[in-house]
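Atoms within a ligand are numbered from 1 in the order they appear, just like the ligands themselves.
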Amino acid sequence: MKLLVIGSGGREHALAWRLFRDACPSKVFVAPGNAGTAGEAGIVNLPLANPKALADFAAREKVHFTVVGPESFLADGIVDVFRARGQKIFGPTQDAARLETSKDFAKRFMLRHNIPTAASETFTDAALAHDYVDARPGPFVVKADGLAAGKGVVVTSTLDAAHCAIDDMLVRGKLGAAGSRILVEDFLEGEEASFIVMADGKNILPLASSQDHKRIFDGDRGPNTGGMGAYSPAPVVTPEIHAKVMREIIRPAVLGLAAEGMPYTGFLYAGLMIGKDGSVRTVEFNCRMGDPETQPILMRMKSSLSTLIELALEGRLDQADAVWDHRTALGVVLASAGYPETPRTDDAIVGIPGETEEIKVFHAGTAAKDGQTVTSGGRVLCVTALGENIRHARKTAYAAVDKIRFDGMQFRRDIGNHALRTED
Ligand code: AMP
Ligand code: GLY
């Protein structure tokens, strides 16, 4: 059996690694992959990025099914291309992926289905957006409607900053077409968590909970990034919160999409804000797994991922059961110099420890050059470790981090702090 994973990040390295380990397929192709996937036995990188070329390849090689990692391919309709040709692919259609690709679509959808989220208004006219901000108490979060590679959300603490973010997007066109329509949203207080499920159009299988660290610096300071580290499970997602999220957010979303004629198949990610009062609100939907959340989640997965995907593709997720390692997994992202604004490339990486039962270093922005592994993107590696509790997982992960070197390496020293407070 051959499988295909699309993407090149840490999430895709983890997906390919998990699929190869538990399904024992003859091969897992990763398109385009990275230096980490290239170095794995049984995994083969493919220099392809075009949906039609990928579908041709999958047909020619008799690939059993394809899994899509990043949202960009889903936004381009890769699932529609494969499905039209009768080829198996796990991910939402272009229509259903609008939950992530248009924040305005997602917001209206949530309102139609009573899914709790922050109050917001959508604007294309800067003057109207400024009036809105002046008339409300704030603080505000200004969001580009379209995909903006993690740069589309500005959390503002002052009125001036909100006005400036509005002008950056609507007047100065800083984010291009993605920011030509914006949402001005009320700031939500609380603790964030990532809630990722698999859906087959009607049935839902929740995966283990997790928590990301979005800001670049310790103490949640500095600009937002794609994510600087994550752990699973997230203690903030108690059984009560879990039940509430399923009842108020996930089920209405999956049933609502089906009722609107765009049944959702694939990984669905709800970014949550959990209030001190136990309320849950949706910060965002993503139509894929999280990165870096995937790395600790899959490190804990004991079920066969390929069996779960197979069941989802057959509309039989109601018969699936996901089994998790009782231990905590924690991943620390090592990012390149200049990340997130202007990541530097071509720095040589040394000291990456080999895989053990407890440690796995997933690659993201890495490439092979002149016999060396070098940086080739913003987030470079995700050092992921299992431990009996968050403290142990963290100790093991950071001991591995300390062996790795590249010029300009940036990472947070406090991954897991929130959970540690719960453990104490
Ligand atoms: P998004 O791309 O919508 O997930 O936003 C990126 C990050 O911005 C989130 O993970 C939050 O940390 C923050 N954020 C977005 N919307 C809000 C909100 N309404 N209130 C507070 N923080 C937010
Ligand atoms: N780590 C956040 C995301 O994948 O969207």
**Message:** Tell me which one of R412, H418, R413 satisfies side-chain contact (heavy atoms from CB on, under 4.5 Å) with I415.
**Reply:** R412
**Message:** Residue by residue, ordered by chain and number, which ones reach under 4.0 Å of ligand 2 with a heavy atom?
**Reply:** D212, K214, G226, Y269, N286, R288, G290, D291, P292, E293
Acceptor/donor pairs from residues 103-111 side chains to any protein atom, 3.5 angstrom cut, sequence neighbours excluded:
residue: D104; atom: OD1; partner: R108; partner atom: NE; Å: 3.2
residue: D104; atom: OD1; partner: R108; partner atom: NH2; Å: 3.4
residue: D104; atom: OD1; partner: T122; partner atom: OG1; Å: 2.7
residue: D104; atom: OD2; partner: R108; partner atom: NE; Å: 3.0
residue: D104; atom: OD2; partner: R108; partner atom: NH2; Å: 3.4
residue: K107; atom: NZ; partner: T117; partner atom: OG1; Å: 2.9
residue: K107; atom: NZ; partner: A118; partner atom: O; Å: 2.8
residue: K107; atom: NZ; partner: E185; partner atom: OE1; Å: 3.0

**Check: I182 and L170 side chains under 4.5 Å, non-hydrogen atoms** = yes
**Prompt:** Just how far is it from atom CZ of R98 to atom SG of C287, taken to the nearest 0.5 Å?
**Reply:** 12.0 Å
**Request:** Output, in order, the C-alpha distance, side-chain angles, deciding distance and verdict of salt bridge (Lys or Arg N to Asp or Glu O under 4.0 Å) for E260 and R112.
**Result:** CA-CA 11 Å; E260 294 191 16; R112 282 198 294 282; 2.8 Å; yes
**Item:** K360 vs E40, salt bridge (Lys or Arg N to Asp or Glu O under 4.0 Å): CA-CA, chis, key distance, verdict
**Value:** CA-CA 12 Å; K360 175 72 191 171; E40 297 271 359; 2.6 Å; yes
**Asked** Residues in side chain to side chain donor-acceptor pair (under 3.5 Å) with S102, at least two apart?
**Response** D145
**Item:** Aromatic centroids of H213 and Y231 separated by under 6.0 Å
**Value:** yes
Please produce the table of protein N or O atoms sitting under 3.5 Å from N or O atoms belonging to ligand 1, one pair a line, distance to 0.1 Å.
residue: ligand 1; atom: 2 (O); partner: K103; partner atom: NZ; Å: 3.4
residue: ligand 1; atom: 2 (O); partner: E284; partner atom: OE1; Å: 3.3
residue: ligand 1; atom: 3 (O); partner: K103; partner atom: NZ; Å: 3.2
residue: ligand 1; atom: 3 (O); partner: K143; partner atom: NZ; Å: 3.1
residue: ligand 1; atom: 4 (O); partner: E284; partner atom: OE1; Å: 2.8
residue: ligand 1; atom: 4 (O); partner: E284; partner atom: OE2; Å: 2.8
residue: ligand 1; atom: 10 (O); partner: E192; partner atom: OE1; Å: 2.7
residue: ligand 1; atom: 10 (O); partner: K214; partner atom: NZ; Å: 2.7
residue: ligand 1; atom: 12 (O); partner: E192; partner atom: OE1; Å: 3.3
residue: ligand 1; atom: 12 (O); partner: E192; partner atom: OE2; Å: 2.4
residue: ligand 1; atom: 16 (N); partner: K143; partner atom: NZ; Å: 3.0
residue: ligand 1; atom: 19 (N); partner: E185; partner atom: OE2; Å: 2.8
residue: ligand 1; atom: 19 (N); partner: D186; partner atom: O; Å: 3.0
residue: ligand 1; atom: 20 (N); partner: L188; partner atom: N; Å: 2.8

**Message:** If we count only N and O atoms by modelled type, under 3.5 Å, do the side chains of D212 and S194 hold a donor and an acceptor together?
**Reply:** no
